[in-house]
Amino acid sequence: MSRFWTDKARDMVPYVPGEQPKHPDLVKLNTNEHAVQPSEAVLEALRGVSGDTLRRYPDPDAVALKQCIADNEGLTPNHVFVGNGSDEVIALAWQALLARPCGVTTVDVTYSFYPVWAQLYDTDLRVKPLQDDFSVDVEAMNQSEGTLLLANPNAPTGLALSCAEIEYLLTSNPDRLVVVDEAYQGFGADTVAPLISQHDNLLVTRTLSKTWSLAGLRVGYALGHPDLITAVSRVKDAFNSYPVDAVAQCVALAALQDKDWLQRASTTVINAREQLAESLRAMNFEVLPSVANFIFVQHRLRSGGELFDVLRRQGVIVRRWDQPRIENFLRITVGTETQNQKLLMTLAEFL
Ligand SMILES: *Cc1c(COP(=O)(O)O)cnc(C)c1O
């Protein structure tokens with residue numbers, strides 16, 4: 001700390017991302033990176049980036065990328081915002097739409113970045129408990145006030161609401177904004193993107209980090225009524241005209257056009273997830289039913305802290321939060337077959 005710090009820099013509690021260890025031999029199952037390598041079309045697009053592309057500023061409106069996303073969703077480019085990862089998209093949306101006096105309501109076990117943004121943007125954050133089975137209490141959400149912010153599927157639980165449940169929330173109060181963070185879309189959960197054309201109170205955020213195996217690229221997007229998108233764009237243009245660089249625009253476009261890769265890669269992850277869940281259940285773990293590329297598990301006899309340490313000593317990194325209700329749970333990313341086997345063998349030896 002120094003005397004030059006603002007009150008904000010001093011008082012804020014920053015988000016802590018999952019560790020990115022430098023050691024290549026570690027089995028890294030802690031940040032929900034995709035188990036499958038990105039599409040060959042992506043690598044080809046990357047190799048095709050010219051010096052002239054890099055010499056010039058990128059398209060500030062990412063027109064080609066927005067058009068492709070709009071086509072995939074049956075929307076128009078006016079329904080699309082793109083940014084530097086969905087964390088940035090949500091941060092900009094927070095300033096544009098969520099930082100209002102009515103505040104924001106979310107659930108107690110969810111993405112740990114939400115309280116950070118609430119603090120950064122001085123927003124009243126109300127936290128409603130999940131039910132005992134970690135599902136969202138839809139009626140409690142419906143009775144609550146302010147903007148509704150839900151990760152769906154939720155992280156770290158992996159559980160999701162149906163499209164009909166979210167539509168119920170949208171319909172029962174059209175004057176309430178509902179933001180659905182679909183970071184884990186594509187691994188079996190419903191998406192609410194098709195509801196956008198009927199509901200001007202819905203904003204959906206997505207990322208290429210998880211579903212498209214491009215966490216290193218930093219591209220995310222939002223879908224919503226053009227008036228919502230305009231607000232987010234206004235904040236972006238007051239902050240950084242070029243959040244998505246020329247390389248990222250070109251590579252993201254190639255990724256989103258490769259529908260075959262998406263189909264195959266998602267199926268691979270879903271099958272591996274179900275196998276992993278079954279093996280862990282056989283080892284006396286409770287495994288929440290996940291529709292994401294991770295599972296949330298707790299052992300019936302051993303503590304979460306103990307298992308976390310055992311795995312770590314053997315070079316397997318998972319994620320755990322020292323937080324009420326979930327201190328005995330581990331969040332395990334679905335890895336490659338080799339990684340999942342190493343995890344299972346390490347646990348089997350210990351148990
Ligand atoms: C990973 C994640 C994000 C952010 O992803 P980016 O890499 O910033 O696009 C947003 N929300 C949830 C719930 C996530 O798990």
Side-chain angles (χ1 to χ4, degrees), residues 14-20 28-35 38 62 65 69 80-94 98 104 106-118 120 125 127 130 134 136 148-161 166 178-189 191-193 203-223 232 236 240 243-245 248-249 251-252 255-256 269 273 288 290-296 318-321 323 326 329-334:
Y15 174 73
V16 183
E19 177 191 2
Q20 294 291 50
K28 193 175 171 306
L29 303 175
N30 67 330
T31 53
N32 299 341
E33 287 142 342
H34 207 295
L65 186 52
I69 293 167
V80 184
F81 176 83
V82 299
N84 192 275
S86 66
D87 283 341
E88 186 193 73
V89 172
I90 300 167
L92 295 171
W94 202 294
L98 280 71
V104 171
T106 189
V107 293
D108 61 342
V109 179
T110 190
Y111 191 33
S112 50
F113 219 138
Y114 300 154
V116 178
W117 287 313
L120 183 64
L125 185 70
V127 171
L130 292 176
F134 292 101
V136 173
L148 197 49
L149 172 59
L150 294 170
N152 199 59
N154 194 13
T157 65
L159 272 58
L161 292 173
I166 295 175
V178 178
V179 178
V180 182
D181 177 353
E182 292 191 341
Y184 298 98
Q185 187 263 331
F187 300 113
T191 170
V192 289
L203 189 77
V204 176
T205 63
R206 299 256 187 92
T207 174
L208 271 69
S209 299
K210 316 295 181 16
T211 319
W212 280 274
S213 189
L214 291 170
L217 192 69
R218 311 308 305 137
V219 177
Y221 58 93
L223 306 168
V232 184
K236 170 232 153 195
N240 178 2
V244 187
D245 66 64
Q249 288 189 33
V251 171
L256 292 166
V269 169
R273 178 186 70 211
L288 300 194
S290 166
V291 280
N293 70 335
F294 59 82
I295 51 175
F296 203 45
V318 298
R319 194 109 197 246
R320 174 179 174 260
W321 289 268
Q323 185 186 313
I326 59 168
F329 276 84
L330 302 176
R331 192 196 67 188
I332 305 173
T333 305
V334 176

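If you read the sequence from its start, that first residue is 1, and numbering goes on from there. Remember, it's 1-based here, ligands and their atoms both numbered in the order they're listed. Bear in mind the structure is a predicted one, so any value in this text is a computation, not a measurement.
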> At the 4.0 Å heavy-atom cut-off, does Phe113 count as touching ligand 1?
Replying inline: no
>> If you measure every N or O of Tyr111 against every N or O of ligand 1, does any of those distances drop under 3.5 Å?
In response: no
> N/O of Lys210 under 3.5 Å from N/O of ligand 1, yes or no?
Replying inline: yes
> Distance from Trp94 atom CH2 to Leu149 atom CG, nearest 0.5 Å?
Replying inline: 5.5 Å
> Have Thr191 and Gln185 got a donor and an acceptor in their side chains that come within less than 3.5 Å?
Replying inline: no
>> Could you tell me if the side chain of Leu130 sits less than 4.5 Å from the side chain of Thr157, heavy atoms only?
In response: yes
> Given side chains that start at C-beta, do those of Arg319 and Pro156 come closer than 4.5 Å, heavy atoms only?
Replying inline: no
> Which ligand 1 atoms are under 4.0 Å away from a heavy-atom of Ser209?
Replying inline: 6 (P), 7 (O), 9 (O)
Identity and separation of the nearest protein heavy atom to [atom]:
{"atom": "atom 8 (O) of ligand 1", "value": "Arg218 NH2, 2.7 Å"}
{"atom": "atom 15 (O) of ligand 1", "value": "Tyr184 OH, 2.7 Å"}
{"atom": "atom 11 (N) of ligand 1", "value": "Asp181 OD2, 2.6 Å"}
{"atom": "atom 5 (O) of ligand 1", "value": "Ser86 OG, 3.3 Å"}

> Given the side-chain rings of Tyr15 and Tyr111, with only the six-membered ring counted for Trp, is the space between their centroids under 6.0 Å?
Replying inline: yes
> In terms of the angle between their ring planes, are Phe329 and Phe134 parallel, tilted or perpendicular, with boundaries placed at 30° and 60°?
Replying inline: perpendicular
